[in-house]
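Written below as structure tokens is the structure these notes are about.
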Amino acid sequence: ILDDPDLKDIDPTVLKHCHAAAATCILEAGKQKADISAISTCLEDCKLDKERIEQFCTEYQKNKDALEILLGSIGRSPLHITDVSWRLEYQIKNNQLHKTYQPSYLVTLNVESSDSGSHPDVSFSCTMEQLQDLVGKLKDAAKSLERATQM
């Protein structure tokens with residue numbers, strides 16, 4: 001969206017907010033299984049003109065079935081991390097055969113869901129600084145949760 005030449009004169013922050021608002025509207029309409037009249041009424045309340053509302057509703061109707069399938073595949077509860085494993089990876093050369101000597105960590109989160117479907121583990125690679133930042137944020141979250149349960 002940010003690379004579209006028609007939108008180059010619009011502030012990128014405004015574009016991001018508009019994109020987020022449109023995505024939220026579409027997802028909520030899909031979750032609620034809203035019909036076109038309900039969507040139209042909501043968009044009229046937001047002061048959109050009739051032409052844009054009709055265009056939005058037409059596109060929504062075209063993609064409604066795919067949206068409902070996608071939303072159904074996501075599940076209702078967040079994944080629960082059951083275990084973590086990691087290993088140190090040391091990259092000696094890159095694909096141009098230049099010496100790099102860059103250590104990184106390969107982290108795997110073992111996850112499960114209360115839904116019946118199975119989920120693959122979540123894996124990512126990070127530098128030592130990124131891993132330290134993640135650990136710091138997790139410690140902050142644990143402290144916040146501890147304070148909240150003491151109240």
Side-chain angles (χ1 to χ4, degrees), residues 1-8 10-36 38-39 41-43 45-46 48 55-151:
I1 292 175
L2 295 174
D3 296 332
D4 190 328
D6 293 336
L7 304 174
K8 68 178 179 183
I10 301 174
D11 181 17
T13 305
V14 173
L15 281 176
K16 288 179 184 179
H17 285 282
C18 291
H19 185 267
T24 301
C25 179
I26 292 165
L27 289 174
E28 284 300 317
K31 276 178 29 182
Q32 304 297 327
K33 296 189 185 231
D35 60 357
I36 296 302
I39 296 170
T41 303
C42 179
L43 294 176
D45 290 345
C46 294
L48 264 68
Q55 185 179 12
F56 183 90
C57 289
T58 302
E59 289 300 316
Y60 177 80
Q61 200 62 33
K62 281 184 201 174
N63 297 293
K64 183 178 179 181
D65 293 335
L67 176 65
E68 288 178 359
I69 290 169
L70 179 65
L71 288 174
S73 71
I74 292 173
R76 301 212 180 268
S77 61
L79 298 176
H80 177 73
I81 298 173
T82 57
D83 195 16
V84 152
S85 59
W86 62 272
R87 73 171 195 236
L88 180 61
E89 176 182 65
Y90 201 73
Q91 183 179 3
I92 298 173
K93 294 182 180 180
N94 61 16
N95 38 349
Q96 286 85 23
L97 299 177
H98 298 291
K99 294 181 181 180
T100 58
Y101 302 113
Q102 293 179 331
S104 64
Y105 292 92
L106 296 175
V107 180
T108 301
L109 304 175
N110 302 95
V111 295
E112 68 179 22
S113 175
S114 61
D115 296 345
S116 59
S118 64
H119 296 278
D121 293 339
V122 177
S123 297
F124 58 92
S125 177
C126 60
T127 64
M128 185 183 343
E129 293 82 16
Q130 292 169 326
L131 188 58
Q132 287 172 339
D133 185 47
L134 175 63
V135 169
K137 288 178 180 178
L138 289 172
K139 285 180 180 178
D140 290 345
K143 286 179 186 175
S144 295
L145 185 59
E146 187 177 309
R147 280 193 298 262
T149 57
Q150 291 176 353
M151 291 182 180

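Here the structure is a predicted model, which is why all the values come from computation and not from measurement.
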Restricting to side-chain contact (heavy atoms from CB on, under 4.5 Å), what partner residues turn up for Ser123, sequence neighbours left out?
Thr108
Ile39 and Cys57 have their tightest heavy-atom pair at CG2-SG, 4.0 Å
Would you say CD of Glu89 has more than 12 non-hydrogen atoms from neighbouring residues, nucleotides or ligands within 6.0 angstrom?
yes
Any chance you could measure Leu131, atom CG, to Met128, atom CE, to the nearest 0.5 Å?
9.0 Å
Distance (rounded to the nearest 0.5 Å) between Ile10 CD1 and Lys16 NZ
14.0 Å
Only counting residues at least two apart or in another chain, list the ones meeting ring pair (Phe, Tyr, Trp, His ring centres under 6.0 Å) with Phe124.
none
Any chance you could measure Thr41, atom OG1, to Ile36, atom CD1, to the nearest 0.5 Å?
11.0 Å
Atom of Cys126, atom of Val107 and distance for their closest heavy-atom approach
SG-CG2, 4.3 Å
Any heavy-atom pair between the side chains of His17 and Thr13 that's under 4.5 Å?
yes
Set of salt bridge (charged side-chain N to carboxylate O under 4.0 Å, His left out) partners for Lys62, sequence neighbours left out:
Glu59
Value for CG (Asp121) from CD (Glu112), rounded to nearest 0.5 Å, stands at 11.0 Å
If I take atom CG from residue Asn63 and atom CD from residue Glu68, how far apart are they, to the nearest 0.5 angstrom?
11.5 Å
Please list, one pair per line, the donor and acceptor atoms closer than 3.5 Å that link side chains of residues 24-33 to other protein atoms, with sequence neighbours excluded.
from: Thr24; atom 1: OG1; to: Ala20; atom 2: O; distance (Å): 2.8
from: Glu28; atom 1: OE2; to: Lys31; atom 2: NZ; distance (Å): 3.1

Could you tabulate the donor-acceptor pairs under 3.5 Å formed by side-chain atoms of residues 79-88, not counting sequence neighbours?
from: Thr82; atom 1: OG1; to: Asn110; atom 2: O; distance (Å): 3.1

Applying salt bridge (charged side-chain N to carboxylate O under 4.0 Å, His left out) as the test, list every pair that has at least one member in residues 133-151; sequence neighbours left out.
Asp133-Lys137
